[in-house]
Amino acid sequence: MEKFIDQCEDFPRELIRWYSSNRRNLPWRDTNDPYKIWLSEIILQQTRVAQGMDYYNKFVSKYPKVNDLAAATEEEVLKDWQGLGYYSRARNLHHSAKMIVEEHSGEFPDEYNSIIKLKGVGEYTAAAIASFAFNQDYAVLDGNVFRLLSRFFGIKTPIDSTQGKKEFSKLAQSLVPKDDAATYNQAIMEFGALQCTPVNPDCSSCPLQSKCFAYEHDIIKDLPLKEKKVKVQDRFLNYLIIQSSDQLLLNKRTQEGIWKNLFDFPLIESSSSLKYLELEKNKDFISIFKETDFSLEAESDERKHLLSHRRLYCKFYHFKVDEFSTDLLSKYRAVPVSELPQYPVPKLIENYLGEETNLLSLFK
DNA sequence: CAACCGTGGAT
DNA sequence: TATCCAAGGTT
């Protein structure tokens, strides 16, 4: 790190100075409660402040203490998390709340090495909690910090490589001012979020401009470097909404993977977009309706739903049956339409159910 | 350790 | 419309 010494000199102080006059007032900055800081950090993982704000307020008000969260059911917590995505965060949050109650007597762990043992808490989040709540000297290394360090010091090691993690981590830690990690960590992240943004950073007003390597060499837009890029796969989902009188069948997604422990409908996945006449020949379709008279009531257009790593093409089919077979009831849960809103569902399902015209056939 | 895990805003 | 990617973590 010797080659950076000249640049390092005023770096932390400059950031803290900038922070003192440019910081946003965010609710999780008004507290030293490690529980609330933890909540905010989990919510904000890979999530913008604007998107997470309402969820943070809801969780703090509904679950003011860690015991309240631990006392809830996972299903309730998932329902509260609905729409925020990355649902393992909610499952881990709930799991860790119970850990804290059972293994720490409800007292939030106050040391980095204990904090990082919580499920869903990795190096970044442990450093954030340890520094914000307990002012311990751990450097946070998130996307903002990677970007700022990469540009300011001109580091071209890919930030998503093992080497990059080591290199940036060492540099980040060397920059943390002793006894002021809390303020400094907030400052460097806020600077990345507001000033040194991924696209169109405001270099013209940047207090670090004169010492910024990337600005000097006009490579701001090239840094930070990443080596991996996600390939997006297409998936084709055919949802069967099967109704008997005022009830329909829900599927709890208990398997590992996307939307685990959320609910959706009986699902037939296909390798391409299917017409109904093709769907009808599908082995799983036949298996679902064997020995059951059914009638197709309605069919949606194909709807596209985008995930970070998938393009989903979804169709919904409404069916009516006289009664659910015991076979169906062993695989699915019969739920009165009126009770649908209490089940946690993926955004895709929430969107569909939210369009009332899609529900008309359920009441015919 | 590469792949997986959501959603929404910006460009 | 397509792509990027945001206060990452787990397997």
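Here is the naming used below: chain letters follow the sequence lines, and residue numbers restart at 1 for every chain. Hydrogens, waters and symmetry mates are skipped; everything else that's a heavy atom, side chains included, is used.
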Asks: Is it the case that the ring center of A/Phe236 lies less than 6.0 angstrom away from the ring center of A/Tyr313?
Replies: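 Yes; A/Phe236 has its ring centre under 6.0 Å from that of A/Tyr313.
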Asks: Which nucleotide sits closest to the side chain of A/Arg311: C/dT3, B/dG8, B/dG6?
Replies: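 Within the option list, the nearest is C/dT3.
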Asks: Any idea which of C/dT10, B/dT7, C/dA7 is nearest the A/Gln51 side chain?
Replies: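 Nucleotide nearest to A/Gln51's side chain: B/dT7.
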Asks: Starting at atom CD1 of A/Ile115, determine the distance to atom P of C/dA7, rounded to an integer number of angstrom.
Replies: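 So the two atoms are 21 Å apart, to the nearest Å.
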Asks: On DNA chain B, compare the nucleotides closest to A/Tyr86 and A/Thr162; which residue's is nearer the 5' end?
Replies: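 Residue closer to the 5' terminus by nearest nucleotide: A/Thr162.
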Asks: Closest to the A/Gln45 side chain: C/dG9, C/dA7, B/dC5?
Replies: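 Shortest atom-to-atom distance from the side chain points to C/dG9.
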Asks: Could you tell me if the ring centre of A/Trp81 sits under 6.0 Å from that of A/Phe59?
Replies: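 Yes, they do, as the ring centres are separated by less than 6.0 Å.
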Asks: Look at A/Arg17 together with A/Glu14 and state whether they make a salt bridge at an N to O cut-off of under 4.0 Å.
Replies: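 Yes, A/Arg17 and A/Glu14 are salt-bridged.
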Asks: Between A/Ile43 (CD1) and B/dT7 (P), how many Å, whole number?
Replies: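 Going from CD1 in A/Ile43 over to P in B/dT7 covers 16 Å.
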Asks: Nearest whole Å is fine: how far is B/dT7 P from A/Leu348 CG?
Replies: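 Rounding to the nearest Å, CG of A/Leu348 and P of B/dT7 are 8 Å apart.
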Asks: Is A/Lys65 paired with A/Asp68 through a side-chain N to carboxylate O contact shorter than 4.0 Å?
Replies: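 Salt bridge between A/Asp68 and A/Lys65, a charged N being under 4.0 Å from a carboxylate O: no.
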Asks: Just distance, no hydrogens or angles: give the donor-acceptor pairs under 3.5 Å from side chains in residues 102-115 of chain A, sequence neighbours left out.
Replies:
| from | atom 1 | to | atom 2 | distance (Å) |
| --- | --- | --- | --- | --- |
| A/Glu111 | OE1 | A/Asn113 | N | 2.9 |
| A/Glu111 | OE1 | A/Asn113 | ND2 | 3.3 |

Asks: Counting only pairs under 3.5 Å, give me each side-chain donor-acceptor contact of residues 69-77 of chain A, with atom names and distances, residues two or more places apart or in other chains.
Replies:
| from | atom 1 | to | atom 2 | distance (Å) |
| --- | --- | --- | --- | --- |
| A/Thr73 | OG1 | A/Glu76 | N | 3.1 |
| A/Glu74 | OE1 | A/Asn261 | ND2 | 2.5 |
| A/Glu76 | OE2 | A/Lys62 | NZ | 2.5 |

Asks: Can you check nucleotides 9-11 of chain B for protein contacts, nitrogen or oxygen pairs under 3.5 Å, and list what you find?
Replies:
none

Asks: Identify, between A/Ile116 and A/Leu306, the residue whose nearest nucleotide on DNA chain C lies closer to the 5' end.
Replies: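 Residue closer to the 5' terminus by nearest nucleotide: A/Leu306.
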Asks: Between A/Asn261 (CG) and B/dC5 (C1'), how many Å, whole number?
Replies: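 The distance from CG of A/Asn261 to C1' of B/dC5 comes to 14 Å, rounded to the nearest Å.
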Asks: When you group the ILVMFWY residues by side-chain heavy-atom contacts below 4.5 Å and let the links chain together, are A/Phe11 and A/Tyr19 in the same group?
Replies: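 Yes: a chain of side-chain contacts under 4.5 Å links A/Tyr19 to A/Phe11.
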Asks: Please tabulate the protein-to-nucleotide N/O contacts below 3.5 Å involving nucleotides 2-4 of chain B, giving atom names and distances.
Replies:
| from | atom 1 | to | atom 2 | distance (Å) |
| --- | --- | --- | --- | --- |
| B/dA2 | OP2 | A/Lys228 | NZ | 3.4 |

Asks: Over how many whole Å does the gap from A/Leu39 atom CG to C/dA7 atom C1' extend?
Replies: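 After rounding, the reported distance stands at 14 Å.
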Asks: Taking B/dG9 as the reference, what is the distance to B/dC5 when you measure between their P atoms (whole Å, please)?
Replies: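 Pairwise P distance, B/dC5 against B/dG9, rounds to 23 Å.
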Asks: Quick check on C/dG9: is either OP1 or OP2 less than 4.0 Å from any side-chain nitrogen or oxygen of A/Thr125?
Replies: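 True: A/Thr125 side-chain N/O within range (under 4.0 Å) of C/dG9 OP1/OP2.
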Asks: Is the number of heavy atoms from other residues, nucleotides or ligands under 6.0 Å of A/His95 NE2 greater than 12?
Replies: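 Count not over threshold, so no.
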Asks: Figure out the NZ/C1' separation between A/Lys304 and B/dG8, and round it to whole Å.
Replies: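 Taking NZ of A/Lys304 and C1' of B/dG8, I get 15 Å after rounding.
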Asks: Rounded to whole angstrom units, what separation is found between the CG atom of A/Leu78 and the C1' atom of B/dG6?
Replies: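 Value for this atom pair: 13 Å.
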Asks: Between B/dG6, C/dC5, C/dG9, spot the one nearest the side chain of A/Ser308, thanks.
Replies: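 Nucleotide nearest to A/Ser308's side chain: B/dG6.
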Asks: Kindly say whether the aromatic ring centers of A/Phe168 and A/Phe153 come within a distance under 6.0 Å.
Replies: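 Between A/Phe153 and A/Phe168, which both carry aromatic rings, the centre distance is not below 6.0 Å.
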Asks: Using whole Å, report how far CZ of A/Arg147 lies from P of C/dC5.
Replies: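 Taking CZ of A/Arg147 and P of C/dC5, I get 9 Å after rounding.
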Asks: Distance check, C1' atoms only: B/dG6 and C/dC5, in whole angstrom units.
Replies: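 Approximately 13 Å lies between the C1' atom of B/dG6 and that of C/dC5.
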Asks: In whole angstrom, give me the gap between the P atoms of C/dC4 and B/dA3.
Replies: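 Between the two P atoms, the distance is 16 Å.
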Asks: Pair up each side-chain donor or acceptor in residues 118-133 of chain A with any protein partner under 3.5 Å, not counting sequence neighbours, and list the distances.
Replies:
| from | atom 1 | to | atom 2 | distance (Å) |
| --- | --- | --- | --- | --- |
| A/Tyr124 | OH | A/Glu41 | OE1 | 2.7 |
| A/Thr125 | OG1 | A/Gln45 | NE2 | 3.0 |
| A/Ser131 | OG | A/Ala127 | O | 2.8 |
| A/Ser131 | OG | A/Ala128 | O | 3.2 |
| A/Ser131 | OG | A/Asn185 | ND2 | 3.0 |

Asks: Assign A/Lys260 to base, sugar-phosphate, or nothing according to its heavy-atom contacts below 4.0 angstrom with the strands shown.
Replies: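 Counting heavy atoms under 4.0 Å across all strands, no contact is made by A/Lys260.
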Asks: For a quick check of understanding: with a heavy-atom distance under 4.0 Å over all strands, which category does A/Arg24 fall into, base, sugar-phosphate or nothing?
Replies: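 Base contact.
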Asks: Could you tell me whether A/Tyr332 and A/Phe324 have their ring centroids closer than 6.0 angstrom?
Replies: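 No, the ring of A/Tyr332 stays outside the 6.0 Å limit from the ring of A/Phe324, centre to centre.
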Asks: Please compare A/Asn144 and A/Glu256 by the position of their nearest nucleotide in DNA chain C and report the one closer to 5'.
Replies: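 This one resolves to A/Asn144.
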Asks: So A/Trp38 and A/Tyr35, would you call those rings parallel, tilted or perpendicular, with 30° and 60° as cut-offs?
Replies: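 Tilted: the ring planes of A/Trp38 and A/Tyr35 meet at 30° to 60°.
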Asks: Please list, by residue number, the residues of residues 181-193 of chain A whose heavy atoms come closer than 4.0 Å to an atom of DNA chain C; answer none if no residue qualifies.
Replies: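 Residues of residues 181-193 of chain A under 4.0 Å from DNA chain C: A/Met189, A/Ala193.
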Asks: Please say whether more than 12 non-hydrogen atoms of neighbouring residues, nucleotides or ligands are located less than 6.0 Å from CD in A/Glu291.
Replies: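 At most 12 heavy atoms, drawn from other residues, nucleotides or ligands, come within 6.0 Å of this atom.
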